[in-house]
Amino acid sequence: MTGLLGTRWDVMQAPIGGAAGVDLMVAVARAGALPTIPATWLAPAELRTEIARFRASVDAPLAVNLVLSFDVAEHVEVLVAERPAIVTLSWGADAGYVRRLQAAGCRVFVQVGTVEAGHEAAATGADALIAQGGEAGGHVQSEIGLAVLVRGLVRSVGLPVVAAGGIADAGTAAAARAAGAAAVVAGTRFVASHEAAAADQWKRALVDAGALDTVLTGVFDIGWPDAPHRVLRNSTYRAWEAAGAPPAGERPGEGDVIARAGGADVVRYSDVPPSLGVTGDLEALCLYAGQGVELIDEVLPAAAIVELLRR
Ligand SMILES: Cc1cc2nc3c(=O)[nH]c(=O)nc-3n(C[C@H](O)[C@H](O)[C@H](O)COP(=O)(O)O)c2cc1C
């Protein structure tokens with residue numbers, strides 16, 4: 001198999017928040033794909049521990065994601081010391097970080113949602129781009145469909161392009177490759193895996209949903225304001241919509257504590273999804289989901305998902 005940038009992988013597990021526990025990442029790596037640690041919300045010491053736990057289980061390349069809407073300067077220092085094979089940056093690009101990480105031996109991929117952002121990322125010296133189409137689950141940088149974005153980047157930027165957004169089966173993966181993607185990324189599809197550290201209720205909801213059960217909204221904004229996200233239309237979303245989609249401060253049930261996560265209260269409209277260990281009204285939490293739910297018929301082992309998406 002010829003992989004991206006001379007590596008042996010061509011399937012990547014997206015950073016999927018708390019759902020990307022070590023069990024999932026190790027299973028993805030053992031299947032020959034590239035796992036990603038979502039590092040932004042880990043304390044720097046926790047990030048070091050997470051990398052060590054992964055490396056104690058499997059000798060395989062690893063990616064680590066940083067969201068540049070937040071202060072990640074200390075995380076970058078951890079990565080310079082730990083030297084994961086790939087660092088992915090999203091919600092921005094920073095030439096200083098790119099240079100520092102590359103000097104440490106990491107390759108840096110930048111997730112973008114427009115062709116213009118692709119050119120800006122290329123100017124920082126990035127090694128590759130991740131095209132995130134508007135179909136994607138989680139926080140979404142794009143309003144452009146994946147195929148058009150991949151083609152636009154491939155035609156004009158001159159860096160390898162990895163495709164993310166709505167990739168959930170062999171056909172969607174093949175379509176992204178046909179558009180010119182050198183590798184494919186899946187997020188939502190891996191949430192609905194046996195090994196993901198996500199509540200069963202969230203996994204089942206992904207299996208039961210169709211594409212139109214997802215919506216790109218800004219409503220789950222507590223914790224990360226002004227960043228559109230694609231989620232399932234659940235009871236919280238429907239009650240807000242039925243109330244006429246009022247602004248923050250006037251939303252139904254705002255301030256209600258509806259769950260507990262890591263010993264802390266979780267209020268309605270928070271950006272916290274029902275990862276494993278979260279208790280309370282799980283259905284009412286932020287249920288990140290991409291349009292690819294249309295194609296997710298069962299919860300599968302991570303290795304079976306990698307096999308589905310493979311060239
Ligand atoms: C539960 C969840 C959490 C996510 N968290 C992050 C994140 O921390 N950083 C990031 O760059 N992207 C994040 N994303 C977006 C992914 O990087 C990727 O673009 C997306 O999952 C691709 O679309 P798909 O879900 O349809 O496969 C997240 C996606 C999901 C579903």
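Owing to the predicted nature of the structure, the values given are computational and were not obtained by experimental measurement. Values reported hereafter were calculated over all heavy atoms of this structure, with side chains retained and with hydrogens, waters and symmetry mates removed. Just so you know, ligand 1 is whichever comes first in the structure, and atom 1 is the first atom listed for that ligand.
Of the protein's heavy atoms, Trp41 CZ3, 3.3 Å lies nearest to atom 8 (O) of ligand 1. Among protein heavy atoms, the minimum distance from atom 21 (O) of ligand 1 is reached at Gly187 CA, 3.4 Å. With respect to atom 18 (C) of ligand 1, the closest heavy atom belonging to the protein is Ala14 CB, 3.9 Å. In terms of protein heavy-atom proximity, atom 7 (C) of ligand 1 is closest to Asn65 OD1, 3.7 Å. Atom 25 (O) of ligand 1 has as its closest protein heavy atom Thr188 OG1, 2.6 Å. When only non-hydrogen protein atoms are considered, atom 13 (C) of ligand 1 lies nearest to Pro15 O, 3.3 Å. With respect to atom 19 (O) of ligand 1, the closest heavy atom belonging to the protein is Gln132 NE2, 3.0 Å. Closest to atom 11 (O) of ligand 1, if we only count protein heavy atoms, is Ser90 OG, 2.5 Å.
In terms of polar-atom proximity, Val191 is not counted as a contact of ligand 1, lacking any N or O under 3.5 Å from an N or O of the ligand. At under 3.5 Å, not a single nitrogen or oxygen of Gln291, backbone or side chain, sits near a nitrogen or oxygen of ligand 1.
Of all atoms in ligand 1, numbered sequentially from 1 with element shown, those under 4.0 Å from a heavy atom of Gly165 are 22 (C), 23 (O), 26 (O). Residue Gln111 has at least one heavy-atom neighbour below 4.0 Å for each of these atoms of ligand 1: 11 (O), 17 (O), 19 (O). Residue-ligand proximity, Gly17 to ligand 1, at heavy-atom distances under 4.0 Å covers atoms 3 (C), 5 (N). Under a 4.0 Å criterion applied to the non-hydrogen atoms of Gly290, ligand 1 contributes the atoms 26 (O).
The ring of Trp224 has its center closer than 6.0 angstrom to the ring center of Phe70.
Contacts with ligand 1 closer than 4.0 Å are made by side-chain heavy atoms of Val67 only, the backbone lying farther away.
Contact between Trp202 and ligand 1 is present, with at least one heavy atom of the residue lying under 4.0 Å from the ligand.
For atom 2 (C) of ligand 1, the choice among Leu68, Val231, Ile16, Asp271 with the nearest heavy atom turns out to be Ile16. Considering only non-hydrogen atoms, atom 15 (C) of ligand 1 lies nearest to Gly137 out of Ala136, Gly137, Gly166, Gly138.
The existence of a salt bridge linking Arg53 and Glu50 is confirmed by a sub-4.0 Å separation between a basic side-chain nitrogen and an acidic carboxylate oxygen.
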